[in-house]
Amino acid sequence: MEREGEGITSVKRQWTMELAAEDRRRIEESIRQKYSKVATSPDGHFRYPTGLAALETLDYAGEMIRKLSTSILSSYCGVGNPFKLGTIDSGETILDVGCGSGVDTLIAALMVGSEGKVVGIDMSPEMIEQATENLMKTDIKNVIFQEASAEELPFPDESFGVVISNGVFNLIPDKMKALTEVFRVLKPRGRLMIADQILTGQLPEDTKARIESWFR
Amino acid sequence: MLKEAGFVDAELVGETGFNSSPVTRGMLFRARKSAISEVRRFDMQTKGVLSKYQEFFDSAYGEGAIDRKTKHLIALGASLAAGCEA
């Protein structure tokens, strides 16, 4: 319990860090640069497995991943399995915040079926391009990918029953703003299911070092 | 932070095993939006409805000629008779 408590404290300290406008711009630009490379292939960009090996390690449902082609699955680079956090019912409306290459989005689309709808957003145009290419390799019809910021979600209030996110909030400069936006677009009784990285060590005291450690 | 954004039932569920560095850890979180939307809750709060209702509830279930436990059992019986299963 003590370890968990420390973790939560670290999350709060890490996630409430205030940034100068210039630092924020640098972070966003660095994210775009890194993920434009990841969009081509996630291999070698992360300390943990990617692609099919990651999906299997994270215990994604076999019947879902078998419905997607190897080339789609190879683009996966999540940090956890958000679907372990609750069931996704047929007919639900889902938002994937920071969808990357769209593997989670497509799995959600398979879960909600033709009566449901799934939207994937990402701030990286290259990732949206990759996700759209992946979508075109399937016969899934109930998915939309669009470039957008998690801090300004382009959707009306109470649009989604579930919001999922995988390895994204740790990168968002204004996490409180993004969470408030997610809350706004969720329907009453809506659920948020996140897999993400939290800092368990100390934050660097120096702001410059903190900015440079953003991608740890 | 999730609570500050308005969520309820915020929960750190467990580790994913995928850590991006020696000082970070992959974790699973979940939270829920209340059945009462934020706008409706805000309206109710500004009108003092929630606090008034709570006063009424506390008063109705307070110890009196009938004890608190019996009052709850009467309320349960009335609810079931009215078909309320929520």
Side-chain angles (χ1 to χ4, degrees), chain A residues 3-5 7-8 10-12 14-16 46-50 54 57-59 77-82 84-86 157-158 161 163 165-167 169-170 175-203 213 215-216, chain B residues 1-58 61 72 75-76 78-80 82-86:
Chain A
R3 279 177 59 199
E4 187 170 288
I8 290 168
S10 293
V11 171
K12 182 144 182 141
Q14 180 188 16
W15 283 29
T16 54
F46 302 95
R47 292 170 62 101
Y48 39 80
T50 58
T57 306
L58 293 169
D59 204 20
C77 57
V79 304
N81 179 354
K84 279 187 166 181
L85 291 167
D157 297 354
E158 302 183 1
V163 172
S165 185
N166 194 343
F169 272 83
N170 71 92
K175 300 172 203 322
M176 191 65 210
K177 194 173 179 190
L179 285 174
T180 303
E181 275 292 87
V182 167
F183 185 83
R184 180 183 66 76
V185 302
L186 268 177
K187 295 175 183 173
R189 297 181 197 274
R191 293 172 292 142
L192 172 62
M193 309 198 306
I194 299 181
D196 221 315
Q197 293 290 315
I198 65 164
L199 185 68
T200 54
Q202 292 293 311
L203 276 171
S213 71
F215 292 102
R216 284 196 302 195
Chain B
M1 199 167 190
L2 287 163
K3 286 178 187 167
E4 281 174 49
F7 288 95
V8 296
D9 298 338
E11 194 180 1
L12 192 61
V13 176
E15 296 187 33
T16 69
F18 279 27
N19 307 325
S20 61
S21 86
V23 293
T24 58
R25 208 178 300 162
M27 303 292 276
L28 292 170
F29 307 82
R30 67 182 159 207
R32 195 171 58 78
K33 185 171 181 174
S34 165
I36 303 174
S37 78
E38 188 63 13
V39 174
R40 283 161 58 200
R41 183 164 39 160
F42 179 74
D43 285 347
M44 289 175 80
Q45 282 171 344
T46 54
K47 289 170 187 164
V49 172
L50 284 178
S51 63
K52 289 293 179 195
Y53 179 76
Q54 192 64 47
E55 277 178 36
F56 163 74
F57 185 90
D58 292 341
Y61 281 97
H72 273 285
L76 178 63
S79 301
L80 290 171
C84 177
E85 296 174 357

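Chain letters run A, B, ... following the sequence lines, proteins first, then strands; residues in each count from 1.
Taking both residues in full, the closest heavy atoms of A:Ala195 and B:Leu28 are given as CB-CD2, 3.6 Å, listed atom of the first, atom of the second, then distance. For the residue pair A:Pro188 and B:Ala35, the shortest heavy atom distance occurs at CB-O, 3.1 Å. Considering all non-hydrogen atoms of both residues, B:Phe18 and A:Thr57 come closest at CE1-CG2, 3.7 Å. In terms of heavy atoms, B:Thr16 sits closest to A:Gly80 at CG2-CA, 3.6 Å. Closest approach of A:Leu192 and B:Phe7 over heavy atoms only: CD2-CZ, 3.8 Å.
Using a 4.5 Å cut-off between heavy atoms, A:Ser165 makes no contact with chain B at all. Using a 4.5 Å cut-off between heavy atoms, A:Asn166 makes no contact with chain B at all.
Remark: B:Met1 CE to A:Thr180 OG1 distance equals 8.0 Å, nearest 0.5 Å. Note that the CG atom of A:Asp196 and the OG1 atom of B:Thr24 stand 10.0 Å from one another [nearest 0.5 Å].
When each of A:Lys187, A:Glu158, A:Arg189 is checked for a side-chain contact (heavy atoms from CB on, under 4.5 Å) with B:Lys33, only A:Glu158 meets the rule.
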query: So A:Met176 and B:Glu4, side-chain contact (heavy atoms from CB on, under 4.5 Å) or not? Walk me through it.
result: CA-CA 8 Å; A:Met176 191 65 210; B:Glu4 281 174 49; 3.5 Å; yes
